[in-house]
Amino acid sequence: MNKNRKHKALITVLASAILLTACSTNKPTPTPHRNTHPYWEKSAGAPEAAAFMKVKIPDGATDVQGAVQINPREDNYILTFQTDKKTAKLVAQDLRSPDPLEPWGINSSPHIEYFGHLGLAEPETLKDSLHAGVCPPCVKDNRRRTVAWIEIYIENLDADRARVYLHAF
């Protein structure tokens with residue numbers, strides 16, 4: 001009798017194991033979304049940054065670069081290019097900042113690196129760069145109503161050329 005009980009117990013355990021195995025879904029564990037923030041979106045560059053900012057990259061601009069940094073709350077868009085100084089100032093005017101372009105005047109060390117991702121110096125570290133910033137919704141710029149803040153730095157390269165740095169979120 002004891003042997004019979006052991007046999008039944010073994011059959012019950014095996015049947016339970018088979019039943020549990022048959023009921024399992026065997027689906028692979030889903031890969032979690034990238035949870036390391038911030039990170040640079042590999043497939044996004046100057047066109048995506050310009051589209052978000054609603055900025056037209058000027059005809060004849062050179063060394064055009066851009067990137068998008070993904071963050072949990074708001075993404076950062078950066079765009080830079082070289083152009084003539086007159087065009088650089090027109091890009092700044094198009095942002096509709098209530099404050100004029102002014103010398104940055106603060107040679108600081110940024111605590112967040114954006115343009116370094118593109119192999120460039122951070123614009124706030126450059127001597128004699130011009131700066132302006134604006135909250136587009138605050139100045140009723142409906143073209144950029146999804147942009148919370150956009151800023152521009154203009155670095156004078158020589159008598160005729162300038163590098164424009166734009167950062168928006």
Q.
Are Leu126 and Leu120 linked, directly or through intermediate hydrophobic residues, by side-chain heavy-atom contacts shorter than 4.5 Å (ILVMFWY only)?
A.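 Yes, same cluster.
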
Q: Say whether Phe115 and Trp149 are linked into one hydrophobic cluster, either directly or through other cluster members, by side-chain heavy-atom distances under 4.5 angstrom.
A: no

Minimum heavy-atom distance between [X] and [Y], given as atom pair plus value:
| X | Y | answer |
| --- | --- | --- |
| Ala132 | Pro100 | CB-O, 4.4 Å |
| Asp128 | Asn156 | O-ND2, 4.2 Å |
| Ala148 | Pro136 | O-CD, 3.8 Å |
| Arg145 | Pro137 | O-CG, 3.8 Å |
| Thr146 | Phe52 | O-CZ, 3.8 Å |
| Val164 | Thr83 | CG2-CG2, 4.1 Å |

Q) Is there a donor-acceptor contact under 3.5 Å linking the side chains of Tyr165 and Glu155? A) yes

To the nearest 0.5 Å, what is the distance between [atom1] on [X] and [atom2] on [Y]?
| X | Y | atom1 | atom2 | result |
| --- | --- | --- | --- | --- |
| Gln69 | Asp75 | CD | CG | 8.5 Å |
| Leu95 | Leu90 | CG | CG | 11.0 Å |
| Thr87 | Lys56 | OG1 | NZ | 9.5 Å |
| Leu118 | Gln65 | CG | CD | 5.0 Å |
| Met53 | Ile152 | CE | CD1 | 9.5 Å |

Q: List the steps, then state whether salt bridge (Lys or Arg N to Asp or Glu O under 4.0 Å) holds for Asp94 with Arg143.
A: CA-CA 11 Å; Asp94 184 58; Arg143 301 168 300 161; 2.9 Å; yes

So do the side chains of [X] and [Y] get within less than 4.5 Å of each other, counting heavy atoms only?
| X | Y | answer |
| --- | --- | --- |
| Pro58 | Val91 | yes |
| Leu166 | Ile78 | no |
| Leu79 | Ile57 | yes |
| Tyr153 | Leu130 | no |
| Glu102 | His131 | no |
| Thr62 | Phe81 | no |
| Arg144 | Val55 | yes |
| Asn76 | Val68 | no |

Is it true that [X] and [Y] have a side-chain N and a carboxylate O under 4.0 angstrom from each other?
| X | Y | answer |
| --- | --- | --- |
| Arg163 | Asp63 | yes |
| Arg161 | Asp158 | no |
| Lys86 | Asp84 | no |

Q: On the 0 to 90° scale, with breaks at 30° and 60°, tag the His117-Trp40 ring pair as parallel, tilted or perpendicular.
A: parallel

Q: Evaluate whether atom NZ of Lys89 has more than 12 neighbouring non-hydrogen atoms of other residues, nucleotides or ligands under 6.0 angstrom away.
A: no

(Q) Main chain of Ala61, side chain of Gln82: is a donor-acceptor contact present, judged purely on distance under 3.5 Å? (A)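 Between the backbone of Ala61 and the side chain of Gln82 there is no qualifying donor-acceptor contact (under 3.5 Å).
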
Q. Under the side-chain contact (heavy atoms from CB on, under 4.5 Å) criterion, do Glu122 and Tyr114 qualify, and how do the steps go?
A. CA-CA 7 Å; Glu122 298 303 317; Tyr114 293 114; 4.0 Å; yes

